[in-house]
Colleague: 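If you scroll down you'll find the structure; I have some questions about it.
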Amino acid sequence: MKKIFAVFAFALAILVSDGQIFAAGGKFSTPKNDEVILIGKISVTPEENMDFVAETRGLSDVLKSKQGTYYLPFASKKDKSFEKDYENFKKANWKQQFNDGEFFYATYKLNKSSRNMKFNCLSAYWFFNSPNAAIYLPFDFNFDVPEGVKAVYIGSFNFTTTGDNFAIKSVKTRDEYEAAQKVLDSVTEEHYDLYRPYIKENPKEKK
């Protein structure tokens with residue numbers, strides 16, 4: 001996990017300094033055979049008094065009023081090619097940061113031999129849209145995408161955090177398929193029926 005955290009932190013630094021590649025409001029073209037459009041939602045419910053947190057982080061009154069945001073979850077297949085893979089991921093997706101409770105959408109590469117997609121990464125979440133109040137949300141699962149499927153809905157994730165270090169207390173998922181389909185239709189050049197995959201936990205790494 002430390003290795004994943006370090007690699008993701010590096011990627012986040014690139015993202016923040018580089019900005020958007022494409023103009024907001026662009027639309028996805030037809031995914032290639034080894035690609036799929038993924039849609040989902042992330043929200044965070046803290047148990048901590050956030051006014052107190054804002055004070056201890058020294059946030060301005062302007063920042064205190066801002067909504068939390070999160071970055072697209074991403075994991076390279078190989079650590080050695082992370083930088084190249086991440087740059088390609090950014091080029092394929094004009095938007096990488098989303099508001100809490102907003103559906104995210106992005107084009108992802110599939111494993112060509114198995115059409116399996118594996119998440120084993122951390123997604124950065126900024127309370128008050130500030131890096132001074134950042135946490136990292138774990139994504140540790142995989143799923144198969146049948147041949148011919150162009151778009152996948154993985155669900156809506158709500159993370160509950162506790163304590164001033166924002167430890168993850170629980171993760172709940174909710175099915176908002178119809179709302180997700182409407183969002184997808186607004187960002188694609190043509191209609192694709194969303195596919196609900198069977199989500200599988202990644203095998204535990206041997207120590």
Side-chain angles (χ1 to χ4, degrees), residues 1-22 24-25 38-76 82 86-87 89-90 93-106 108 119-141 153-176 179-180 182-184 186-187 199 201-202:
M1 183 60 74
K2 290 182 178 179
K3 186 175 183 180
I4 296 173
F5 182 91
V7 174
F8 187 87
F10 169 77
L12 184 60
I14 296 175
L15 187 153
V16 173
S17 64
D18 205 22
Q20 293 185 347
I21 299 295
F22 299 99
L38 195 70
I39 187 166
K41 181 190 285 188
I42 296 174
S43 60
V44 176
T45 303
E47 294 184 336
E48 193 72 5
N49 183 320
M50 296 307 290
D51 289 333
F52 175 75
V53 170
E55 291 292 337
T56 58
R57 297 293 199 281
L59 302 182
S60 66
D61 290 337
V62 173
L63 281 176
K64 290 177 186 178
S65 65
K66 288 187 176 294
Q67 188 175 5
T69 58
Y70 66 92
Y71 286 88
L72 285 172
F74 171 79
S76 178
F82 184 92
Y86 193 71
E87 284 299 322
F89 181 70
K90 287 171 59 180
N93 299 288
W94 65 87
K95 184 175 180 180
Q96 289 93 36
Q97 187 179 20
F98 295 80
N99 291 328
D100 180 286
E102 179 184 7
F103 283 103
F104 72 83
Y105 38 81
Y108 288 83
F119 279 100
N120 183 19
C121 61
L122 301 168
S123 175
Y125 182 95
W126 291 3
F127 290 105
F128 311 107
N129 194 24
S130 171
N132 292 329
I135 62 173
Y136 296 88
L137 307 174
F139 282 77
D140 189 24
F141 57 84
Y153 171 54
I154 60 171
S156 299
F157 297 82
N158 177 253
F159 294 80
T160 298
T161 63
T162 186
D164 57 6
N165 64 341
F166 300 109
I168 305 297
K169 181 179 180 180
S170 64
V171 183
K172 295 181 179 180
T173 58
R174 185 171 58 174
D175 190 332
E176 297 180 292
K182 289 181 180 178
V183 172
L184 178 69
S186 71
V187 296
I199 304 295
E201 285 190 32
N202 290 333

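Quantities reported herein were computed from a predicted structural model and do not represent experimental measurements.
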Colleague: Do side-chain atoms of N99 reach the backbone of E102 as a donor and acceptor pair under 3.5 angstrom?
Modeller: no
Colleague: Would you name the heavy atoms of I42 and S123 that are closest together and state the gap between them?
Modeller: CD1-OG, 4.1 Å
Colleague: Is there a side-chain contact between V53 and D164, using heavy atoms and a 4.5 Å cut-off?
Modeller: no
Colleague: Quick one: CG on N158 to OG1 on T45, what's the gap to the nearest 0.5 Å?
Modeller: 4.0 Å
Colleague: Looking at M50 and F128, what are the two nearest heavy atoms and their distance?
Modeller: O-CZ, 3.4 Å
Colleague: Working to the nearest 0.5 angstrom, can you tell me the gap between L63 CG and S130 OG?
Modeller: 5.5 Å
Colleague: Just verifying a value: how many Å separate Y125 OH and T161 OG1, rounded to the nearest 0.5 Å?
Modeller: 8.5 Å
Colleague: Are F139 and F157, when compared by the centres of their aromatic rings, separated by less than 6.0 Å?
Modeller: yes
Colleague: So N120 and F141, do their side chains get closer than 4.5 Å, heavy atoms only?
Modeller: no
Colleague: Any donor-acceptor pair under 3.5 Å linking the side chain of R174 with the backbone of S156?
Modeller: no
Colleague: Using 4.0 Å as the upper bound for N to carboxylate O, is an ion pair formed by K41 and E176?
Modeller: yes
Colleague: When you measure from the side chain of N49 to the backbone N and O of D51, does any donor-acceptor pair fall under 3.5 Å?
Modeller: yes
Colleague: Would you say L72 and F98 make side-chain contact, with heavy atoms under 4.5 Å?
Modeller: yes
Colleague: Assign the ring pair Y105 / W94 to parallel, tilted or perpendicular, where the plane angle (0 to 90°) is split at 30° and 60°.
Modeller: tilted
Colleague: Do P138 and F159 come within less than 4.5 Å of each other through their side chains, counting heavy atoms only?
Modeller: yes
Colleague: Could you check whether D140 and N202, counting side-chain N and O atoms only, form a donor-acceptor pair closer than 3.5 Å?
Modeller: yes
Colleague: Strictly distance-based, threshold 3.5 Å: is any side-chain N or O of T69 a donor or acceptor partner for the main-chain N or O of Q97?
Modeller: no
Colleague: Flag the pair F119 / Y108 as yes when their ring centroid distance falls below 6.0 Å, and as no otherwise.
Modeller: yes
Colleague: State the CZ-NZ distance between F74 and K90, to the nearest 0.5 angstrom.
Modeller: 11.0 Å
Colleague: How about K64: does its NZ atom have over 12 heavy atoms from other parts shown lying under 6.0 Å from it?
Modeller: yes
Colleague: Tell me the closest heavy-atom pair linking A106 and F89, and the distance in Å.
Modeller: CB-CZ, 4.2 Å
Colleague: Could you go step by step and tell me if F127 and I135 meet the side-chain contact (heavy atoms from CB on, under 4.5 Å) rule?
Modeller: CA-CA 8 Å; F127 290 105; I135 62 173; 3.8 Å; yes
Colleague: If you define the side chain from C-beta out and look only at heavy atoms, does anything of Y71 sit under 4.5 Å from W126?
Modeller: yes
Colleague: Any donor-acceptor pair under 3.5 Å linking the side-chain atoms of D100 with those of S43?
Modeller: no
